[in-house]
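Whatever order the structure lists them in is the order used to number ligands and atoms, beginning at 1.
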Amino acid sequence: MNRPLVALAAGQPEVEQALDELNRQLHLPRVLPGGGDSELLLVLTSERLELRQNGVAGQGPVFVDFVSGRLAHRRLYGDGRAQPLARAIGLKKGRNPQVLDATAGLGRDAFVLATLGCELVMLERSPVIAALLRNGLERALADDQTAQVVRRMQLHCGDAIDYLNGLDHSQKPQVIYMDPMYPHRKKSALVKKEMRLFRRLVGEDADSAELLSAARRHARHRVVVKRPAGAAWVGDEKPAMEIKSPNTRYDVYVNSGLGS
Ligand SMILES: C[S@@+](CC[C@H](N)C(=O)[O-])C[C@H]1O[C@@H](n2cnc3c(N)ncnc32)[C@H](O)[C@@H]1O
């Protein structure tokens, strides 16, 4: 029999009921913590939901944390509207476009934009990643400092291409943002733990050119694509503008102006 990719475990006995509820959406095999032969373990502890590499010592878990750590620091001390992501989306003083984040992942970019005042609809098609993100949003809602930020972030688990194709004209998002999985890097030791786990779960996002076409058809004002510096344009489509930082490039496809 094939080894399952992900199994679900309870970190403590008191979370069993919450785990049953979670598994009504995920339908994963249930194992004891550290048990089973799946490659990855999604573990609900009394503190949070986290993804672990099963049976690999010394690998920290992956989880979403908007309250403390790097994202909290960025919320308090980040470069605000001057940062390349905010410029690419088109934020200006008094102008916070509504953004559809078509590739939500762990919600970092969305959180940065919500911190700056944008309202976001986020789509994530991997049910496991969406569950990690939903858990992070719930914990942030319970914290006074972050609750008002994450109230601007709405998550749907599903495919963004289907979602966009189901929208009618009146529902067009002002800006569509996408950050598909990066092309595979040869030096795998350089790829962060998190990205390795992501790659096992979601693969390479081979349909990102199709997503870009759908996004360009449905965005009211612009589509922004995040790429590694030096990477090819998605679908070989030339953007109207590129905004660069040392490691990252934002390709901006313009349908109409955002106004002043
Ligand atoms: C590189 S990650 C995004 C990281 C995210 N920007 C962040 O800040 O955490 C790409 C994610 O997009 C998701 N994805 C790719 N194509 C998608 C689609 N068509 N619809 C929904 N999710 C998609 C993948 O499942 C993956 O979780």
Should you measure from each heavy atom of [X], which atoms of ligand 1 turn up under 4.0 Å away?
X	result
Leu106	9 (O)
Met181	1 (C)
Gly158	20 (N), 21 (C)
Val202	25 (O)

Between [Y] and [X], is the closest basic N to carboxylate O distance under 4.0 Å?
X	Y	value
Asp20	Arg30	yes
Arg3	Asp37	no
Arg125	Asp207	yes

**Message:** Measuring from atom 13 (C) of ligand 1, which candidate in Arg199, Arg108, Glu124 has the nearest non-hydrogen atom?
**Reply:** Glu124
Does only the side chain of [X] get under 4.0 Å from ligand 1, or the backbone, or both, or neither? Count heavy atoms.
X	value
Asp109	both
Asp205	side chain
Ala110	neither
Ile129	side chain

**Asked** In chain order, what residues pass the salt bridge (Lys or Arg N to Asp or Glu O under 4.0 Å) check against Glu237, with sequence neighbours excluded?
**Response** Arg216
**Results of salt bridge (Lys or Arg N to Asp or Glu O under 4.0 Å) for Asp65 - residues two or more places apart only** = none
**Asked** Are Leu8 and Leu133 connected, step by step, through hydrophobic side chains (Ile, Leu, Val, Met, Phe, Trp, Tyr) whose heavy atoms are closer than 4.5 Å?
**Response** yes
**Asked** Same hydrophobic cluster for Val6 and Val31, using side-chain heavy-atom links shorter than 4.5 Å among ILVMFWY?
**Response** no
Ignoring angles and geometry beyond distance, decide whether [X] reaches within less than 3.5 Å of ligand 1 through its nitrogen or oxygen atoms.
X	value
Pro180	no
Tyr177	no
Gly107	yes

**Request:** Can you label the angle between the Phe66 ring and the Phe111 ring as parallel, tilted or perpendicular, going by 30° and 60°?
**Result:** parallel
**Message:** Quick check on salt bridge (charged side-chain N to carboxylate O under 4.0 Å, His left out): which of Asp109, Asp251, Asp205 does Lys226 satisfy it with?
**Reply:** Asp109
What is the closest protein heavy atom to [atom], and at what distance does it sit?
atom	result
atom 14 (N) of ligand 1	Thr103 CG2, 3.8 Å
atom 10 (C) of ligand 1	Asp179 O, 3.2 Å
atom 16 (N) of ligand 1	Arg125 NH2, 3.2 Å
atom 20 (N) of ligand 1	Ala160 N, 2.8 Å

**Asked** Between Val175 and Leu100, is any pair of side-chain heavy atoms under 4.5 Å apart?
**Response** no
**Item:** Side-chain touch Gln154/Met122, heavy atoms, less than 4.5 angstrom
**Value:** no
Give a yes/no on ligand 1: does [X] have at least one heavy atom closer than 4.0 angstrom to it?
X	answer
Ala104	yes
Tyr163	no
Ser208	no

**Request:** Check Leu106 against Val62 and note the closest heavy-atom contact, atom names and distance.
**Result:** CD1-CG1, 3.8 Å
